[in-house]
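Please read these numbers as outputs of a predicted model, since none were measured by experiment.
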Amino acid sequence: MASQKEMFRSVVAAAINAFMAEKNIQGESVEESSVRVETPPKPEMGDLGVPMFTLAKSFRMAPPAIAQGVAAVIASFVEKKTEIGGVDVSSLGTVLAVGPYVNVKLNKASAAVDILRLIEKQGDDYGSLNAEGKKPLSGRRVMVEYSSPNTNKPLHLGHMRNDALGESVSRILKKAGADVFRTNIINNRGVHICKSMLAYKLFHEAKGETPESLGMKGDHFVGQCYVEFDRYMKGEDGKPETAHPEAAAQAEEMLVKWEKGDPEVRALWQKMNDWTLNGVKETYKRTGVDFEKLYFESDTYLLGKEVIQTGLDKGIFFKADDGSVRIDITDVVGKDRDGNNQSKVLLRKDGTSVYITQDIGTAIKRHEDWPYNQMVYVVASEQIYHFKVLFYILRQLGYDWTDKLYHLSYGLVNLPSGRMKSREGTVVDADDLIDNLQKDALAAINERGRDEAVGNPSEVAEKVALAALHYYLLQVTPIKDMLFNPAESLSFTGNTGPYLQYMGARIASILRKSGEQGLEPDSSDESLQLLTHESEWALIKELGKFPAVVEKSAEDLDPSQMTTYLYDVSKAFSAFYRDCPILSIAEENKALASARLELSKATLTVLKNAMELVLVPYLDRM
C-alpha cells in the first residue's frame with residue numbers, strides 16, 4: 001500500500017506502546033521504523049498485517065496474546081475517535097487479531113482515493129522512493145560493473161543476460177533513490193586478442209579486407225577472425241594434416257611484442273579493437289544499455305603491483321619458497337583436501353602480475369575515480385571463487401568500503417541445442433538473435449493483419465523483440481541457470497514481455513476510445529470512492545505495492561521480483577476488465593465508468609514505470 005501502509009504502521013506502533021503502558025511492561029518504546037508491515041497470504045485475513053513474534057521475548061507473552069491485546073487497544077482508539085498523525089484511526093479500516101498477527105481490512109473507498117491520487121500526482125515518478133518521501137537508499141553511491149566484453153568477438157546470448165541484469169539493477173537502484181554509476185571493463189588485451197589479429201594477417205590483410213569492404217559489423221568481422229584462427233590451428237574439420245599447431249606459439253609471440261610496444265602490432269591491435277568496440281556500441285544502443293565510464297584492461301592490467309608490494313612490506317602477504325608473492329586465503333576458502341592451508345598467488349616469481357592483481361588495482365582506482373560505498377560486480381557464477389578471494393584481499397588491505405562489495409552472480413544461459421563456445425563459432429550472436437526475434441515478431445504482426453494499425457511495423461517488431469529477450473532473461477532469479485527459448489519468449493499470452501506490451505497497448509486503446517466517446521477519467525473523491533468491487537480492489541492493492549517492490553528489488557538486487565510484479569498487475573487488470581465494464585456502462589453510470597477509467601489510467605502509469613525498469617519498451621499500439 002501507499003499511505004495506508006504508513007498509517008497502519010503508525011497506528012500499530014502507538015498501540016504497542018499503549019499496550020506496554022497498560023500491562024506495565026518495562027522496556028524502550030517501539031519505533032515506527034521497527035514495525036514490519038506484511039501482506040497476509042489470503043485476502044479474507046486482511047490487506048495488511050504486522051507480526052508480533054519479535055515482542056514475545058521482551059513481553060514474556062505468546063505472540064497471539066500480544067496480537068489480541070494490541071488489536072483491543074486499536075479498537076479503543078476507534079471508540080475514542082483517536083487521531084494519530086492527524087488522521088482518525090477509524091478511517092483506516094477494520095483491525096483484527098489473526099493468530100500472531102495484527103491485521104487490517106482497509107477502508108476500500110479511502111484506500112482507493114489515496115493510492116490512485118498518489119499515482120496521478122506523481123506520474124512517471126510513482127514508485128520512486130524519493131518521491132514517496134522515503135529514502136532508504138539516500139546517500140548510497142553504487143557502482144555497477146557489467147557486460148565486460150572481449151574485443152575478439154561480438155556480444156552473445158550470455159552477454160545479453162549480463163547486460164540485462166546490470167542495466168535493470170542500475171535502473172531499479174536509481175528508482176529506489178541510490179546514486180548509480182555504471183561501468184564496463186573492456187577485455188581488450190591478451191593472447192585471445194592476438195589470435196584474431198594473427199588470423200586477420202593470415203587471411204584478410206593482403207586482400208585489404210575490412211568490415212566496411214565486406215559489409216559487416218566490426219565486431220562480427222573480428223569474431224570471424226577468431227573462429228578462423230581456431231580452425232587454422234586445429235585443421236579444417238579437425239583433419240590433422242591441415243592443422244597448424246605452431247599458430248598458438250605465434251599468437252604468444254605477438255602478445256610479447258604487444259607488451260613491448262611493437263609499433264606494427266600495436267597499430268593492428270588498435271585498429272581491430274576499434275572495429276570491435278564500435279560494433280559492440282551499436283548493440284548497446286540497440287538494446288538500451290549504457291555506461292557512465294568504460295575501463296580498458298590495456299590501461300588496468302599493470303595496476304595493483306604497487307599495492308601488493310605495500311601489502312608485502314606490511315606482512316599482509318608473504319613471499320613463498322618459489323619466489324612468488326602470495327596471501328593465505330584459508331579463512332575464506334578453507335583448507336585443501338589434504339588439510340593444508342591454501343594460498344593465492346598475487347605476483348609470479350618473475351614479478352609479473354596475475355589476473356586478480358589487476359582486479360585489486362582496478363577496484364582501488366575506481367574508488368578514487370568515483371568514491372562509491374557499494375560496488376556490484378555482475379559476473380557469471382563461474383567466478384564465485386574469484387570474487388570471494390578478491391573481496392577478502394581488499395578487506396585485508398584495510399579499505400573501509402570493502403564490506404559493500406557484492407558479486408551479483410548469475411547462472412549460465414543456453415539454448416536447447418546446448419552450451420555455446422566462442423572459439424568454435426557456436427555462440428548465439430546477440431545481433432543475430434535480436435534480428436531473428438524481430439523477424440518472427442514482424443511475421444506475427446502481419447499474420448494478425450496489424451501492420452497498418454501499429455504504425456511502423458518494423459519498429460514495433462524491434463521493440464517486441466527486445467521485450468521478449470529482456471523479460472525472458474530477467475524473469476528467472478539471477479543465480480539460476482536458464483534455457484532461452486525464443487518461441488516462448490515471443491508469445492503474446494502468458495508471462496512474457498510481449499504480453500505486457502499487449503496489456504499496455506490495450507489500456508491505451510481503452511483510453512483513446514473513451515476520449516473519442518467524450519468519457520474522461522475522473523479522480524475526484526466522489527468518483528474514486530465508487531471503486532469497491534473485489535476485482536477493482538484487487539487491482540488497486542497491486543498498484544499500491546509498486547514502491548515496496550522497487551525497494552525490495554533494489555535491496556535484493558533481483559529484477560525477477562519486478563517481472564513477477566508486472567505479471568501480477570497485468571493479471572489483476574485483465575480480471576478487472578473482465579468483471580468491471582467501462583464503456584458499456586457509461587450512459588447509465590457515467591461516474592463509475594469515469595472512476596474505472598481513472599483506475600485504468602493509473603494501471604497504465606504503473607505498467608510503464610515498471611516496464612522501464614526491466615528494459616521492456618512500451619507500445620501504445622500493437
Side-chain angles (χ1 to χ4, degrees), residues 1-2 5 36-41 47-49 115 119 125-132 134-137 140 142 144 146 160-178 180 288 374 376-378 381 406-411 413 467-482 484 489 494-497 499-501 503-504 538-573 603 605-616 618:
M1 292 297 139
K5 182 177 180 179
R36 189 174 83 248
V37 181
E38 302 176 354
T39 301
D47 301 305
L48 299 171
I115 293 172
I119 296 172
D125 287 334
Y126 180 64
S128 167
L129 303 189
N130 286 343
E132 287 282 308
K134 293 174 57 183
K135 300 186 178 182
L137 301 191
R140 187 179 300 187
V142 188
V144 184
Y146 54 104
M160 290 295 94
R161 189 177 193 190
N162 186 307
D163 290 354
L165 278 170
E167 183 67 29
S168 180
V169 163
S170 297
R171 294 183 186 187
I172 290 170
L173 284 167
K174 192 174 292 187
K175 190 77 169 176
V180 179
Q374 183 177 13
V376 178
Y377 293 85
V378 184
S381 56
Y406 184 79
H407 175 203
L408 178 52
S409 172
Y410 64 91
V413 53
L469 175 64
H470 289 149
Y471 190 85
Y472 203 93
L473 293 174
L474 291 173
Q475 67 178 327
V476 178
T477 302
I479 194 60
K480 292 183 179 179
D481 291 346
M482 66 174 296
F484 180 77
S489 74
N495 190 12
T496 68
Y499 172 69
L500 296 178
Q501 290 177 310
M503 191 60 66
L539 177 56
I540 291 168
K541 286 197 294 182
E542 285 297 331
L543 301 184
K545 293 177 184 176
F546 185 42
V549 176
V550 170
E551 183 175 1
K552 188 71 165 54
S553 299
E555 287 293 352
D556 294 346
L557 301 174
D558 183 4
S560 71
Q561 297 178 22
M562 190 61 64
T563 60
T564 298
Y565 173 72
L566 272 163
Y567 188 47
D568 288 343
V569 170
S570 298
K571 289 188 296 182
F573 180 83
T603 304
T605 296
V606 173
L607 283 176
K608 289 168 67 176
N609 291 359
M611 286 163 63
E612 183 181 10
L613 300 181
V614 291
L615 287 67
V616 174
Y618 164 70

Please report the closest heavy-atom contact between [X] and [Y], naming both atoms and the distance.
X	Y	answer
K175	G127	CE-C, 3.8 Å
I172	P559	CD1-CA, 4.0 Å
V616	A467	CG1-CB, 3.6 Å
Y126	P547	OH-CD, 3.4 Å
P478	D558	CD-OD1, 3.2 Å
K545	Y565	CB-CE1, 4.0 Å

For [X], give me all partners under side chain to side chain donor-acceptor pair (under 3.5 Å), at least two apart in sequence or on another chain.
X	value
Q475	N495
Q501	none
Y377	none
E38	R36

So how far is it from [X] [atom1] to [Y] [atom2], rounded to the nearest 0.5 Å?
X	Y	atom1	atom2	answer
L473	H470	CG	NE2	7.0 Å
M562	L615	CE	CG	12.0 Å
F573	L543	CZ	CG	10.0 Å
I119	D125	CD1	CG	13.0 Å
F546	L613	CZ	CG	5.0 Å
L469	R161	CG	CZ	12.0 Å

Among residues at least two apart in sequence or on other chains, which ones pass side-chain contact (heavy atoms from CB on, under 4.5 Å) with [X]?
X	answer
S570	Y499, L500, M503, L607
V180	V144, S170, L173, K174, A178, R182
A572	L539, E542
S381	I384, S409, I479

- Backbone N/O of V378 and side chain of N162: donor-acceptor pair under 3.5 Å: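 A pair under 3.5 Å: yes.
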- Judged by atom type as modelled, is there a donor-acceptor pair below 3.5 Å linking the side chain of Y471 to the main-chain atoms of S489?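 No: the side chain of Y471 does not pair with the backbone of S489.
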- Task: Test salt bridge (Lys or Arg N to Asp or Glu O under 4.0 Å) on E612 and K608 and set out the steps.
- Result: CA-CA 6 Å; E612 183 181 10; K608 289 168 67 176; over 6 Å; no
- Item | With sequence neighbours excluded, residues passing salt bridge (charged side-chain N to carboxylate O under 4.0 Å, His left out) with D556 |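 Partners of D556 under the salt bridge (charged side-chain N to carboxylate O under 4.0 Å, His left out) test: K552.
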- Query: Y472: what forms a ring pair (Phe, Tyr, Trp, His ring centres under 6.0 Å) with it, not counting sequence neighbours?
  - Reply: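 For Y472, the residues satisfying ring pair (Phe, Tyr, Trp, His ring centres under 6.0 Å) (neighbours in sequence not counted) are F484.
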- Quick one: ring pair (Phe, Tyr, Trp, His ring centres under 6.0 Å) partners of Y618, sequence neighbours excluded?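 Applying ring pair (Phe, Tyr, Trp, His ring centres under 6.0 Å) to Y618 gives none.
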- Tell me, which pairs form a salt bridge (charged side-chain N to carboxylate O under 4.0 Å, His left out) where one or both residues lie in residues 471-482, sequence neighbours left out?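 Of all non-adjacent pairs touching residues 471-482, none passes salt bridge (charged side-chain N to carboxylate O under 4.0 Å, His left out).
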- Item | Check: L129 and L137 side chains under 4.5 Å, non-hydrogen atoms |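 They are not in contact (no side-chain heavy atoms under 4.5 Å apart), so the answer is no.
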